[in-house]
Amino acid sequence: MHDPQHGPDRKRRFRGWTAAGTALTTVALVAVTAVAYAGQTPQLAAPAAVAAVAAPPAGFTLTWSDDFSAAAGTGINTGAWKYDTGPGSSFGTGEIETMTNSTANVFHDGNGHLVLRALHSGTDPRAGWTSGRIETQAATYGAEPGGVVRMESSLQQPNVTTANGAGYWPAFWMLGSTLRTGTSWPTSGEIDIMEDINGRSSTFGTLHCGVNPGGPCNESTGLGSGERPCAGCQTGYHTYAVEIDRSKSPEEIRWYLDGALYFTLPATRVDATTWANAVHHPFFIIYDLAIGGGFPDAFGGGPNAATISGGQLNIDWVAVYNKGPGTVPPSTNIAQGRPTTASSSENAPGCPSCATDGNPNTRWSSAFSDPQWLQVDLGQQYNLTNVRLDWEAAYGKAYKIQVSNDQVTWVDIAATTTGDGGTDSWAVSGTGRYVRMYGTQRGTAYGYSLWELSIAGTPATNTGGTLVSQGKPTTASSTENAGTPAANATDGSTGTRWSSAFSDPQWLRVDLGAVMNVNKVVLNWEAAYAKAFQVQTSVDGTTWTTGYSTTTGTGGVQTLSLSASARYVRVYGTQRATAYGYSLYEFQVYAMTCCTP
């Protein structure tokens, strides 16, 4: 198949850690950068309104935060932060600016924001740039085994455009603590939470790991989300977050923009050692506003003669939240390994099950037409809470998530007409045995292609429900005599019974009067019981689906869980346990609701 690309390969974000003691700032440099800014009006000043640090999300507690409340014109709080200074050429990414500790480049605006400002002097657009980069003193922010950590920041990207922002490279990211103690990059791990380049109104999320070049993490590109749209991120404040989740198996890293999940990277994308080296340790947090380098170059290059001086990365607040071990129940993908079918496959014999095999390196892809679907049989009825789609580059622009108990009647539990690929995580509420993605409009000229379809939920409780069969019209394949009619099995009396002729097969059927969510059947057998039988359901009385089957029936009272949307329910006997027929005192059908949703 084709291998659609999301765009040019990005270049590595790593900038080798530099001790704070290597400051190169001089009085002359401060003077030059201050003069360079004079007369420049590249963007609006940081707004006076300031947002408080966000409250911890449900289940999290606040570990550390900074709201950057300080007097206007002052530098960073060096108890919490340190400057990274020196020429960009020392950071390993091809940057051309010099990072300084001058308040011309790094300062509080007095309105609760920290500002990193890039300034240019001279006439050569590829020289004379200064800017700012800071990192936390502490390298203690991470997820302990069994826990989750969330790093989040509210910030405004530089208010530049593709016309005047070539070469701008703002970033909010973090590096593994082991880098400070001798482990090399990228083995130590780097997680890029927000990056934009060249004023493109977008964001990228990436994990760097393994070895460079190449290796399991495809360095120096890394494993990432690709470019994602970020409308309004140059002109207003937005939140960017990443979560490292070690409470589930496999572990994963999740990226969020304004609270919406847009990319998930499971640990299974790399080998266990690479993942542990990159993730199983604390991190330190970094902000910087670079100019030039490999990443901007991969998307057109810069800076150039049109690139303005004075662009700012404005930071409102940053916070670290944690969930400790035991506070998050392990999440199980109930779709993994379950029977999976599809409307079509691009390549015969196709691989629908590749989307539910737990391997993010295999995929299902459909024919190049609409509509198409992928369906998984969960084996029983579940109360669903989340459905996640990890799209390959060929994604669904318009699709529905649907559930069913019989593969005939489908109920929508999620839908979109503006899908943009990547990872779609749907919080859902619905109950069913079968779940499918039903695509109606492809996002590319190719088909629909999924790395993984993941589903979360809990088994539906089948002990409740309402008795809906009593007194309803009941028929049978035969009756032994006039005293044992079919209706006796649904009359609510254990003093009467239905019995069939003395032959195989035989059946007893009840018409519930409307399609219902059937969840349980109770069979109260007389001495003449079924050794082999099936419980079947139907919405039309013609096409039947088997919900239960056995060849080792024992008689007595049998309570059977069922999960079906059905109007008709029947017992279909294929082998009698005695020389007589089949005989039931009562045939009871229970449902959770009275009718089709």
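For H108 (side chain) and V115 (main-chain N/O), no donor-acceptor pair under 3.5 Å exists by modelled atom type. Counting only distance, with no hydrogens or angles, the side chain of S225 and the backbone of G205 share a donor-acceptor pair below 3.5 Å. In this structure, Y448 contributes its side chain and T440 its backbone to a donor-acceptor pair below 3.5 Å. Counting only distance, with no hydrogens or angles, the side chain of S154 and the backbone of D316 share no donor-acceptor pair below 3.5 Å. Proximity of a side-chain donor or acceptor of N198 to a complementary backbone N or O of F299 within less than 3.5 Å is detected. Judged purely by atom type and a 3.5 angstrom limit, S131 has no side-chain atom pairing as donor or acceptor with the backbone of A290. In this structure, the side chain of S102 engages the main chain of A104 through a donor-acceptor pair within 3.5 Å. Side-chain N or O atoms of D109 include one that pairs as donor or acceptor with a backbone N or O of N111 at under 3.5 Å. S345 places no side-chain N or O within 3.5 Å of a backbone atom of N347 that could act as its donor or acceptor partner. Using modelled atom types, no side-chain atom of Q402 and backbone atom of D412 make a donor-acceptor pair closer than 3.5 Å.
Judged by a 6.0 Å distance limit and a 45° cone about the ring axis, R180 is positioned over the six-membered ring of F284.
For the atom pair CG of D196 and SG of C233, the computed distance is 8.0 Å after rounding to the nearest 0.5 Å. With values rounded to the nearest 0.5 angstrom, L374 atom CG is found 11.0 Å from R436 atom CZ. The structure places CE of M194 at 8.0 Å from SG of C230, a figure rounded to the nearest 0.5 Å. For the atom pair OG1 of T130 and CG of N105, the computed distance is 3.5 Å after rounding to the nearest 0.5 Å. In this structure, the separation between OG1 on T161 and OH on Y168 is 11.0 Å, given to the nearest 0.5 Å. Rounding to the nearest 0.5 angstrom, the gap separating the CD1 atom in I315 from the CD1 atom in I134 is 5.5 Å.
Side chains of S425 and N386: a donor on one and an acceptor on the other come within 3.5 Å. Side chain to side chain, D424 and Y399 meet the donor-acceptor criterion of an N or O pair below 3.5 Å. Between the side chains of E190 and W173, no donor-acceptor pair of N or O atoms lies under 3.5 Å. Of the N and O atoms on the side chains of N159 and Q234, not one donor lies less than 3.5 Å from an acceptor on the other residue. Between N322 and T63, the side chains place a donor N or O and an acceptor N or O closer than 3.5 Å (distance only, hydrogens not considered).
Using a 4.5 Å heavy-atom threshold, the side chains of V318 and T136 count as separate. Counting only heavy atoms from C-beta outward, the side chains of E346 and W364 never approach each other to under 4.5 Å. Counting heavy atoms from C-beta outward, E243 and D245 have side chains that stay 4.5 Å or more apart. Proximity of I291 to P303: side-chain heavy atoms (C-beta onward) are separated by under 4.5 Å at one or more points. Considering only heavy atoms from C-beta on, Y262 stays 4.5 Å or farther from D420 through its side chain. For the pair M99/Y83, no side-chain contact is recorded, criterion being any heavy-atom separation below 4.5 Å from C-beta on. By the 4.5 Å heavy-atom criterion applied to side chains, T274 and C217 are counted as neighbours. Within the 4.5 Å cutoff, no side-chain heavy atoms of R228 are placed close to those of S202.
A salt bridge does not link K82 with D84: none of the charged nitrogens is closer than 4.0 Å to a carboxylate oxygen. A salt bridge between R133 and E95 is absent, with no side-chain N of the basic residue lying under 4.0 Å from a carboxylate O of the acidic one.
Ring geometry for Y141 versus W64: interplanar angle under 30°, hence parallel rather than tilted (30 to 60°). Taking the six-membered ring for Trp and thresholds of 30 and 60 degrees, H281 and F283 have ring planes inclined between 30 and 60 degrees apart.
Considering all non-hydrogen atoms of both residues, L207 and W255 come closest at N-CZ2, 4.1 Å. H238 approaches L257 most closely through the heavy-atom pair CB-CD1, 4.5 Å. Between T100 and T85, the closest heavy-atom pair is C-CG2, 3.8 Å. Here the closest heavy-atom approach between residue G447 and residue S366 is recorded as CA-OG, 3.5 Å. Closest non-hydrogen pair, K323 versus A58, comes out as CE-O, 3.4 Å. Minimum interatomic distance between I193 and T203 (heavy atoms only, all atoms of both residues): O-OG1, 4.3 Å.
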I401 and L389: side-chain contact (heavy atoms from CB on, under 4.5 Å), yes or no, with the steps?
CA-CA 10 Å; I401 304 298; L389 305 172; 3.9 Å; yes
Worked verdict on T187 versus L179 for side-chain contact (heavy atoms from CB on, under 4.5 Å):
CA-CA 9 Å; T187 303; L179 190 72; over 6 Å; no
Give the intermediate values and the outcome of side-chain contact (heavy atoms from CB on, under 4.5 Å) for residues H208 and D192.
CA-CA 8 Å; H208 292 282; D192 302 326; 3.3 Å; yes
Output, in order, the C-alpha distance, side-chain angles, deciding distance and verdict of side-chain contact (heavy atoms from CB on, under 4.5 Å) for R246 and H280.
CA-CA 9 Å; R246 300 183 63 190; H280 291 180; 3.3 Å; yes
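Shown here are the ring pair (Phe, Tyr, Trp, His ring centres under 6.0 Å) partners of F60, two or more places apart in sequence or in another chain: there are none.
Across Y237, W317, Y287, F107, a single residue satisfies ring pair (Phe, Tyr, Trp, His ring centres under 6.0 Å) together with H113, and that is Y237.
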